[in-house]
*Asks:* 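This structure is in structure tokens; I'll ask about it shortly.
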Amino acid sequence: MPELPEVETIVRDLSKSLEGKIFSDVIVRDDFLLRQRREDFVRRIRKKSVAGISRRGKAVIIGLSCGSFLVIQPMMTGQLVIDGQEDRHSRIVFNFSDGTRLLYNDQRRFGQLRAVDDLKDVPYFNILGPEPFAAQFSPAYMAWAFRRSRRPVKNSLLDHTFVAGIGNIYACEILFRSALAPRRQACRISEEKIKTVHRFIREVLNEAIAHRGSSMRNYRDGRGRKGAFHGRLAVYGREGLPCPRCRRAVKRVIQAGRSTFYCGHCQK
DNA sequence: AGGTCGACCTGGCAGC
DNA sequence: TGCTGCCAGGTCGACC
């Protein structure tokens with residue numbers, strides 16, 4: 001489900017509502033999502049307060065008062081909703097001492113939750129590339145990475161060891177704005193064009209955050225609401241509909257097992 | 001060693 | 001109505 005803008009929106013919602021609150025109880029309805037024994041998971045969280053909430057890639061990090069962390073990867077269909085209605089997809093319920101309740105809902109059960117002392121204990125963080133808004137993620141870094149890669153540029157954008165947080169929706173949108181064909185080999189893109197892509201990576205993600213993300217099917221923010229960026233998508237999910245720039249039909253192809261939406265006329 | 005592909009799991013929707 | 005097949009925002013490990 002959520003890519004960087006959606007996870008960022010969730011993190012901002014949760015920060016406002018949960019910081020300083022104390023976990024009074026953790027109810028695990030589905031052990032499958034945990035990467036440790038249930039008793040260990042619950043013991044590390046109960047009675048601790050929320051020191052801070054942040055994001056790395058597509059993972060939510062809840063810092064606990066004792067210096068440890070609750071790390072949540074919502075994957076495709078995970079949701080973190082405050083004071084929402086419980087349903088059959090509510091896999092884990094976090095209760096706070098003031099009566100606030102945080103639900104972890106997940107239709108497909110791909111999500112992963114861990115309570116760890118050290119973020120290095122989360123394998124995902126050890127392989128993750130730079131954040132797209134970090135200084136380290138520069139046009140020069142992109143050019144260095146692209147030079148040595150023969151795969152299609154769409155695959156590079158989806159590779160989280162190259163850059164964290166970009167998923168299928170925003171990879172398509174970034175390439176559309178960059179007027180770049182998704183199947184173009186990364187090593188065959190000019191330095192000038194790489195600068196353009198770099199600029200649009202940040203621009204598209206920033207706009208999506210400003211609109212609280214995109215809701216295709218399952219995504220909800222921390223208050224259980226849909227994102228508003230969905231209606232602003234130029235190509236994603238729009239096969240056969242007119243390209244907003246030239247009005248020709250948007251095409252769909254499969255790359256790396258995922259749908260890619262693009263305009264064959266505007267993107268070269 | 002870089003890169004691709006299927007598996008993981010559930011459910012909604014289109015087509016027949 | 002009910003069945004089948006396809007599709008879905010992510011990640012990892014097996015394999016070429």
Side-chain angles (χ1 to χ4, degrees), chain A residues 1-11 29-35 55-60 71-81 87-92 104-114 122-129 144-175 182-188 204-205 208-209 211-221 225-240 252-261:
Chain A
M1 164 235 321
E3 305 183 29
L4 184 153
E6 290 76 28
V7 177
E8 183 64 28
T9 302
I10 291 169
V11 163
R29 302 206 190 286
D30 187 352
D31 288 324
F32 182 80
L33 308 190
L34 303 185
R35 289 300 170 271
R55 176 192 63 72
R56 173 83 171 100
K58 297 167 190 163
V60 176
V71 177
I72 300 160
Q73 290 178 265
M75 300 291 193
M76 299 282 264
T77 52
Q79 307 171 343
L80 282 164
V81 181
D87 62 26
R88 65 190 160 130
H89 296 129
S90 299
R91 313 287 180 184
I92 302 187
Y104 179 74
N105 301 334
D106 196 338
Q107 180 200 107
R108 291 172 75 179
R109 304 167 76 217
F110 285 161
Q112 300 188 2
L113 293 87
R114 295 177 169 81
V122 181
Y124 173 70
F125 291 145
N126 294 324
I127 60 165
L128 207 53
W144 169 80
F146 276 18
R147 255 197 314 274
R148 49 204 291 279
S149 174
R150 307 172 60 78
R151 57 186 169 164
V153 59
K154 162 87 176 327
N155 299 24
S156 293
L157 293 184
L158 286 179
D159 177 357
H160 54 213
T161 67
F162 161 63
V163 59
I166 300 176
N168 207 29
I169 295 178
Y170 299 110
C172 293
E173 295 299 307
I174 289 160
L175 291 172
R183 281 178 287 198
R184 182 86 153 272
Q185 283 189 310
C187 59
R188 295 184 56 244
V204 168
L205 296 177
I209 291 168
H211 292 275
R212 307 182 58 80
S214 310
S215 292
M216 297 305 300
R217 301 179 182 207
N218 297 289
Y219 167 69
R220 296 294 182 275
D221 65 23
R225 301 180 310 200
K226 296 186 177 193
F229 197 69
H230 176 197
R232 310 177 77 89
L233 297 175
V235 286
Y236 185 86
R238 296 177 45 82
E239 183 183 13
R252 180 170 80 100
V253 293
I254 302 296
Q255 286 183 280
R258 331 272 315 265
S259 285
T260 297
F261 300 88

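Note that the coordinates shown come from a computational prediction; the quantities given were computed from them, not determined experimentally. Here is the naming used below: chain letters follow the sequence lines, and residue numbers restart at 1 for every chain.
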*Asks:* Rounded to whole angstroms, how far apart are CE on A:Met216 and C1' on C:dG10?
*Replies:* 15 Å
*Asks:* Among the candidates B:dC9, B:dG3, B:dT4, find the nucleotide nearest to the side-chain atoms of A:Arg109.
*Replies:* B:dC9
*Asks:* Determine, for A:Arg91 against A:Asp106, whether the closest basic-nitrogen to carboxylate-oxygen distance falls under 4.0 angstrom.
*Replies:* no
*Asks:* Examine distances only and state if a side-chain atom of A:Gln255 and a backbone atom of A:Pro152 form a donor-acceptor pair shorter than 3.5 Å.
*Replies:* no
*Asks:* Between B:dC8, C:dG10, B:dT4, which nucleotide gets closest to the side-chain atoms of A:Asn155?
*Replies:* B:dT4
*Asks:* When all nucleic acid strands are considered with a 4.0 Å heavy-atom cut-off, which category describes A:Asp106: base, sugar-phosphate, or nothing?
*Replies:* nothing
*Asks:* According to a cutoff of under 5.5 Å between the ring centres and under 30° between the ring planes, does A:Phe110 stack with the base of B:dC8?
*Replies:* yes
*Asks:* Which dot-bracket notation, 5' to 3', represents the base pairing of DNA chain C when pairs are defined as Watson-Crick or G-U with both distances under 3.5 Å, crossing pairs as [ ], and inter-strand pairs as |?
*Replies:* .|||||||.|||||||
*Asks:* When you get a sec, tell me which of B:dC9, B:dG11, B:dG3 is the closest nucleotide to the side chain of A:Phe32?
*Replies:* B:dC9
*Asks:* For the P atoms, the ones on B:dC9 and on C:dA14, what distance do you get once it is rounded to whole angstrom?
*Replies:* 16 Å
*Asks:* Roughly, in whole Å, what's the span from CG in A:Leu4 to P in C:dT11?
*Replies:* 11 Å
*Asks:* Taking the side chain as every heavy atom from C-beta outward, state whether A:Leu33 and A:Tyr104 have any pair of such atoms under 4.5 Å apart.
*Replies:* yes
*Asks:* Taking all atoms of both residues into account, what is the closest heavy-atom pair of A:Tyr219 and A:Glu6, and its distance?
*Replies:* CE1-CB, 3.3 Å
*Asks:* A:Asp159 has an atom CG; how far is it from atom P of B:dT4, in whole Å?
*Replies:* 10 Å
*Asks:* Check each of A:Leu80, A:Val60, A:Ile209 against A:Val7 using the side-chain contact (heavy atoms from CB on, under 4.5 Å) test, and report the only one that passes.
*Replies:* A:Val60
*Asks:* Between C:dT11 atom P and A:Leu33 atom CG, what is the distance in whole Å?
*Replies:* 16 Å
*Asks:* Regarding A:Tyr170, tell me which of base, sugar-phosphate or nothing describes its non-hydrogen contacts under 4.0 Å with the strands shown.
*Replies:* nothing
*Asks:* Strictly under 3.5 Å: I want the nitrogen or oxygen pairs between protein and nucleotides 12-16 of chain C, one per line.
*Replies:*
{"unit_1": "C:dC12", "atom_1": "OP2", "unit_2": "A:His160", "atom_2": "NE2", "d": "3.2"}

*Asks:* Might you point out which heavy atoms bring A:Asp30 and A:Arg109 nearest each other, and give the distance in Å?
*Replies:* OD2-NE, 2.7 Å
*Asks:* Has A:Arg88 got a side-chain N or O lying under 4.0 Å from the OP1 or OP2 atom of B:dG11?
*Replies:* yes
*Asks:* Please report the distance, rounded to the nearest Å, between CG in A:Leu113 and C1' in C:dG10.
*Replies:* 15 Å
*Asks:* Would you mind reading off the distance between A:Tyr219 atom OH and B:dG11 atom C1', rounded to a whole angstrom?
*Replies:* 21 Å
*Asks:* Taking the P atom of each, how far is B:dA7 from C:dG5, in whole Å?
*Replies:* 16 Å
*Asks:* Could you tell me how the ring of A:Phe229 sits relative to the ring of A:Tyr170: parallel (under 30°), tilted (30 to 60°) or perpendicular (over 60°)?
*Replies:* tilted
*Asks:* Side chain to side chain donor-acceptor pair (under 3.5 Å) with A:Glu8: which residues, sequence neighbours excluded?
*Replies:* A:Arg12, A:Arg55
*Asks:* For DNA chain B, whose closest nucleotide is more 5', that of A:Ala256 or that of A:Arg148?
*Replies:* A:Arg148
*Asks:* Could you tell me how far apart A:Met75 (CE) and C:dT11 (C1') are, to the nearest whole angstrom?
*Replies:* 5 Å
*Asks:* Within less than 4.0 Å of OP1 or OP2 of B:dT10, is there a side-chain N or O belonging to A:Thr77?
*Replies:* no
*Asks:* Could I get the full list of side chain to side chain contact (heavy atoms under 4.5 Å, CB included) partners for A:Ala186, not counting sequence neighbours?
*Replies:* A:Phe146, A:Ser149, A:Ser156
*Asks:* To check you understand the geometry: which heavy-atom pair defines the closest contact between A:Ile169 and A:Met216, and what is its length?
*Replies:* CD1-CG, 3.6 Å
*Asks:* Scan for salt bridge (Lys or Arg N to Asp or Glu O under 4.0 Å) pairs involving residues 149-161 of chain A, sequence neighbours excluded, and state none if there are none.
*Replies:* A:Arg151-A:Asp159
*Asks:* Please list each protein N or O that sits under 3.5 Å from an N or O in nucleotides 4-8 of chain C, with the distance.
*Replies:*
{"unit_1": "C:dC7", "atom_1": "OP1", "unit_2": "A:Arg252", "atom_2": "NH2", "d": "3.1"}
{"unit_1": "C:dA8", "atom_1": "OP1", "unit_2": "A:Ser259", "atom_2": "OG", "d": "2.6"}
{"unit_1": "C:dA8", "atom_1": "O4'", "unit_2": "A:Arg217", "atom_2": "NH2", "d": "3.4"}
{"unit_1": "C:dA8", "atom_1": "N3", "unit_2": "A:Arg108", "atom_2": "NH1", "d": "3.3"}

*Asks:* In whole Å, what is the span from the CZ atom of A:Arg35 to the P atom of C:dT11?
*Replies:* 13 Å
*Asks:* Could you check if a side-chain atom of A:Asn105 sits within less than 4.5 angstrom of a side-chain atom of A:Asn218, using non-hydrogen atoms only?
*Replies:* no
*Asks:* Examine the side chains of A:Ser259 and A:Arg252 and answer whether a donor and an acceptor come within less than 3.5 Å of each other.
*Replies:* yes
*Asks:* If you look at every strand shown and take non-hydrogen atoms under 4.0 Å, does A:Pro152 touch a base, only sugar-phosphate, or nothing?
*Replies:* sugar-phosphate
